[in-house]
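Convention: sequence-line order gives letters A, B, ...; per-chain numbering from 1.
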Amino acid sequence: MPELPEVEIVARQLARRLTGRTVRHLRILDPLLRNGVLPRVSGREIVAVRRSGKRVLIRFSKGGTRRPLWLAIHLRMTGRLICHDGTRRDRSHLRARFVLDRGELWFVDTRRFGTFGWYASEAETAPGGVDPLDRDCTAARLGELLGASRQPIKPWLLRQDRLVGLGNIYASEILYAAGISPFRPAGSLDRGEIGRLHRQTRRILRRAIENCGTTFSDFQDSRGVEGSYQRYLRVYDRQGESCRHCGTAIARVVQAQRSTFHCSDCQR
DNA sequence: CTTTCAGCCTGGGCGC
DNA sequence: TGCGCCCAGGCTGAAA
């Protein structure tokens, strides 16, 4: 489910609903989420929630320990964070449960790929790559990141140690919007192409955020907020259908074991 | 350094 | 209805 826009939406909504709440206790139900020693989180207040790359970052108050604490939650494929008033009955795939002074926060994850990372300083939470929506992610900066890489641009866009936040859907959509073939070596893009890639990356991510992301279901349970960006998808999951611009059949190919969707006519 | 590949998990959809 | 297979929006670590 979640790439940058979906995680951004989740983080914003959680920030609104969780900031100021105090943790009564945390129950980790899936042993896969217990990596290393669990810091004491009971009694701490949630001070802030924001996105870091594709992770949701929760900052807790120092509490009685005098040490700050951050939790980075990676949703991976199927992770969801559900805020509710404590009356939710459906416990299927419930992996962790924060009981708060008012309501609860549940981590629900069917495939159990999601991860929890605990950090004692903000610096440790920094992602490896540049956030494409950051002010300092200019076209020139993108050009530096691309460097002379010979890796095809589509798998390159998925590398979280370069740019953070892009996943398989938006990578295909961005390259289509920029008119760039997914097979082009990353370092072969000229100035104009880098400019288009940069502009379309930011435009598509922003628009996806405005539309609450692509097909993600109700992390707010009863409210059932769903993304609507899927109606803007131009190539993803459209193999065999015609390109909206030129009519050519959209192709699906496999690059680095992931599906890539593209129009061989519009993308060069 | 690069690229490929198996693996981590579960469930939905498909063809037979 | 059931079975086996393939697929999935992510990422890691080992191997070539």
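A residue-by-residue look at A:L158 and A:R111 shows that A:R111 has its nearest nucleotide of DNA chain C further toward the 5' end.
Between B:dT3 and A:R258, no contact under 4.0 Å exists linking OP1 or OP2 to a side-chain N or O. For C:dG10, the OP1/OP2 oxygens have no side-chain nitrogen or oxygen of A:Q160 closer than 4.0 Å. An OP1 or OP2 oxygen of C:dC11 is reached within less than 4.0 angstrom by a side-chain nitrogen or oxygen of A:H74. Checking the phosphate oxygens (OP1, OP2) of B:dC9, no side-chain nitrogen or oxygen of A:H93 falls inside 4.0 Å. The phosphate of B:dC5 (OP1 or OP2) has a side-chain N or O of A:Q257 nearer than 4.0 angstrom. Taking only side-chain nitrogens and oxygens, A:S259 comes nearer than 4.0 Å to OP1 or OP2 of C:dA8. Close to C:dG9, at under 4.0 Å from its OP1 or OP2, lies no side-chain N or O of A:K54.
Straight-line distance from the CZ atom of A:R150 to the P atom of B:dT4: 13 Å, rounded to whole Å. The distance from atom NZ of A:K154 to atom P of B:dT4 is 12 Å, rounded to the nearest whole Å. At whole-Å resolution of the value, CZ in A:F183 and C1' in B:dT3 are 16 Å apart. Counting to the nearest Å, the P atom of B:dG7 and the CG atom of A:L32 are 17 Å from each other. Between the C1' atom of C:dG10 and the CD atom of A:E6 lies a distance of 13 Å, rounded to the nearest Å. Following rounding to the nearest Å, A:N35 (CG) and B:dC8 (C1') show an atom-to-atom distance of 14 Å. Rounded to an integer number of Å, the gap from A:D109 CG to C:dC11 C1' is 13 Å. One can place CZ of A:R76 at 6 Å from P of C:dT12, the figure rounded to the nearest angstrom.
With A:N211 contributing its side chain and A:G213 its backbone, the two residues share no donor-acceptor pair below 3.5 Å. In terms of modelled atom types and a separation under 3.5 Å, the side chain of A:S172 and the main chain of A:F261 share a donor-acceptor contact. Under the 3.5 Å distance criterion, the side-chain polar atoms of A:E193 are matched with a main-chain donor or acceptor of A:D190.
Across all strands shown, B:dC9 forms no Watson-Crick or G-U wobble pair with both distances under 3.5 Å. Searching all strands for a Watson-Crick or G-U wobble partner of B:dG15 with both distances below 3.5 Å returns C:dC3.
A:R252 comes within 4.0 angstrom of sugar-phosphate atoms only, judged by non-hydrogen atoms across all strands, and of no base. Counting any heavy atom pair closer than 4.0 Å across all strands shown, A:P152 reaches sugar-phosphate atoms only and no base atom.
In this structure, of B:dT10, B:dT2, C:dG10, it is C:dG10 that holds the atom nearest to the side chain of A:F113. In the set B:dG11, B:dT4, B:dC9, the nucleotide with an atom closest to the side chain of A:T110 is B:dG11.
Within 6.0 Å of the NE2 atom in A:H245, the count of heavy atoms belonging to other residues, nucleotides or ligands does not exceed 12.
Per the stacking criterion (ring centres < 5.5 Å, plane angle < 30°), A:Y236 does not stack onto the base of C:dG9.
Atom name P, nucleotides B:dC9 and C:dC3: the rounded distance is 24 Å, in whole Å. Across B:dC5 and C:dC6, the matching P atoms stand 16 Å from one another, rounded to whole Å.
Taking the six-membered ring for Trp and the full ring otherwise, the centers of A:Y176 and A:Y170 sit at least 6.0 Å from each other.
Taking the six-membered ring for Trp and thresholds of 30 and 60 degrees, A:F116 and A:W118 have ring planes more than 60 degrees apart, a perpendicular arrangement.
A donor and an acceptor atom never sit less than 3.5 Å apart when one is taken from the side chain of A:R112 and the other from the base of B:dC9.
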